[in-house]
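Working notes, beginning with the structure itself.
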Amino acid sequence: MEKNKKKSDFLHIGNKLLKWYDKNARDLPFRNTKDPYKIWICEIVFQQTRIAQGLNHYNNFIKRFPDVQTLASAEEDEVLLYWKGLGYYSRAINIHKASQQIINDYNGIFPSEYEEILKLKGVGKYTAAAVSSICFNGKMPAVDGNFYRVLSRIFADDFDVSNSRAFNYFSQLAHLIMPENVGDFNQAMMDLGSEICKPRNPLCGECPLNIDCLAFSLNKISEFPVKTKKVKATDLELKYYFVHRNGEFLIRQRKDDFIWKKLFEFPLEISDELIPFIKSVKNVHHKLTHKNLSIEIFNVEVYSEEAWKAFIDENDYIITNVENSHEKSFPKPLENYIQKYDVSYKFL
DNA sequence: AATCCGGGGGC
DNA sequence: GCCCCAGGATT
């Protein structure tokens with residue numbers, strides 16, 4: 001960025017954006033509150049997640065955990081259950097830990113200073129800026145993917161957004177156009193980025209900033225933002241054993257060091273004694289952003305009480321059934337499998 | 001500074 | 001198929 005850029009030359013862009021936002025703000029459930037708890041939850045839910053995708057999760061989460069005290073006193077497994085299907089499950093684990101931080105370190109009162117909000121588990125510079133600006137009149141730009149896209153286009157700036165310095169770089173650009181009302185400014189940038197200045201096929205004709213947008217005037221919108229590093233998916237093969245008897249089946253909880261942190265899953269192996277009880281195999285292919293999953297699910301219907309109990313005793317598995325399984329958070333492919341596989345029906 | 005972590009939707 | 005999304009933690 002040229003160091004001769006002066007705020008006085010660009011501030012009108014931010015003010016224009018605020019005017020647009022006054023009339024065009026999206027009507028979202030977290031827009032009519034300044035409760036830092038709700039804003040915080042919404043910021044975590046919508047990290048790397050589209051509004052349409054996470055809206056039900058957000059509403060259900062707030063309904064069950066309406067305040068920080070309720071969340072802090074809940075079991076971690078139930079928090080994970082409300083995160084089921086959202087992905088990035090460390091968010092759920094961290095959100096729960098952070099709620100207890102607020103109880104223990106801040107006397108149950110949500111911290112109002114940016115530096116304090118930043119200390120909460122799972123809260124980074126973006127989220128701290130968003131919460132402090134929306135709820136406490138903080139003055140930090142909430143630089144996210146929308147900021148990268150909108151600012152790189154306005155300034156026709158080819159700074160690589162996959163560069164680890166992009167956050168600081170675009171924060172400086174943001175300061176050039178940022179007006180006094182930072183809370184509304186941050187939300188306006190999100191709405192503009194989502195509704196107008198979209199990644200593909202942006203609606204430049206309707207954009208309140210098109211006159212000020214250098215990329216638009218150069219007819220080079222599609223060249224911004226610049227992103228060099230692409231994420232490529234790696235293959236992952238899993239074998240699960242759906243071990244069941246009399247309508248019950250076996251599960252266990254995953255660790256927190258890989259995908260599907262602390263979610264529940266079927267056994268990954270069985271003892272030799274259970275091999276004769278394998279009835280069928282189902283192949284599941286599941287695409288994630290970072291993984292190409294191919295899963296074999298072995299349907300193991302155990303008739304022997306002895307073999308069943310011996311296997312459980314050896315491995316410390318949890319016994320559940322189709323109805324109770326709804327109380328546990330499963331990875332999406334296993335969730336789908338359980339819903340299709342009506343154990344209770346098969347054993348009537 | 002680089003890598004990892006989900007799932008869904010647009011095109 | 002490829003890309004992106006109200007990012008953050010870990011190494």
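Just so it is clear: chains get the letters A, B, ... in the order the sequence lines come, proteins before strands, and each one is counted from 1.
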- Should we count CD of A:Glu113 as having more than 12 external heavy atoms under 6.0 Å? no

- C:dG8 versus B:dG9 - spacing of their C1' atoms, nearest Å: 23 Å

- C:dA6 to B:dC5 separation - P atoms, rounded to the nearest Å: 22 Å

- Task: State which residue, out of A:Pro36, A:Ser99, A:Ser73, fulfils the side-chain contact (heavy atoms from CB on, under 4.5 Å) condition with A:Val68.
- Result: A:Ser99

- Item | Those residues that, when tested against A:Cys213, pass side chain to side chain contact (heavy atoms under 4.5 Å, CB included) (two or more places apart) | A:Arg153, A:Ala215, A:Phe216, A:Ile221

- Under 3.5 Å side-chain donor-acceptor pair for A:Thr320 and A:Ser325: no

- Query: Where does DNA chain B pair, written as one dot-bracket string 5' to 3', with Watson-Crick or G-U pairs under 3.5 Å, ( ) inside the strand, [ ] for crossing pairs and | for another strand?
  - Reply: |||||.|||||

- Roughly how many Å is it from CZ in A:Arg91 to P in C:dC5, rounded to a whole number? 14 Å

- Going 5' to 3' on DNA chain B, which nucleotide is the first and which the last to come under 4.0 Å of a heavy atom in chain A? B:dA1 to B:dC11

- Where protein sits on nucleotides 6-11 of chain C, one letter per nucleotide: B base, S sugar-phosphate only, - none, heavy atoms under 4.0 Å: BBSS--

- Task: Specify whether A:Tyr148 and A:Phe170 have parallel, tilted or perpendicular ring planes, treating 30° as the upper limit for parallel and 60° as the lower limit for perpendicular.
- Result: tilted

- Message: When you compare the side chain of A:Ile278 with that of A:Asn299, does any pair of heavy atoms fall below 4.5 Å?
- Response: no

- Taking only residues at least two apart or on different chains, which pairs with a member in residues 194-215 of chain A satisfy side chain to side chain donor-acceptor pair (under 3.5 Å)? A:His12-A:Asp212, A:Lys16-A:Asp212, A:Arg26-A:Ser194

- What pairs with A:Lys332 under side chain to side chain contact (heavy atoms under 4.5 Å, CB included), at least two apart in sequence or on another chain? A:His286, A:Asn336

- Item | Side chain to side chain, A:Arg149 and A:Phe224, heavy atoms closer than 4.5 Å | no

- Please figure out whether A:Lys332 or A:Lys198 has its closest DNA chain B nucleotide nearer the 5' end. A:Lys332

- Task: Classify the ring geometry between A:Phe242 and A:Tyr337 as parallel (under 30°), tilted (30 to 60°) or perpendicular (over 60°).
- Result: perpendicular

- Task: Rounded off to whole Å, could you give me the CG-to-P distance for the A:Asn201 and C:dC3 pair?
- Result: 15 Å

- Result for 5'-nearest mapping on DNA chain B, choosing between A:Arg200 and A:His286, is A:His286

- Do A:Asp67 and A:Thr70 have side-chain atoms, one donor and one acceptor, less than 3.5 Å apart? yes

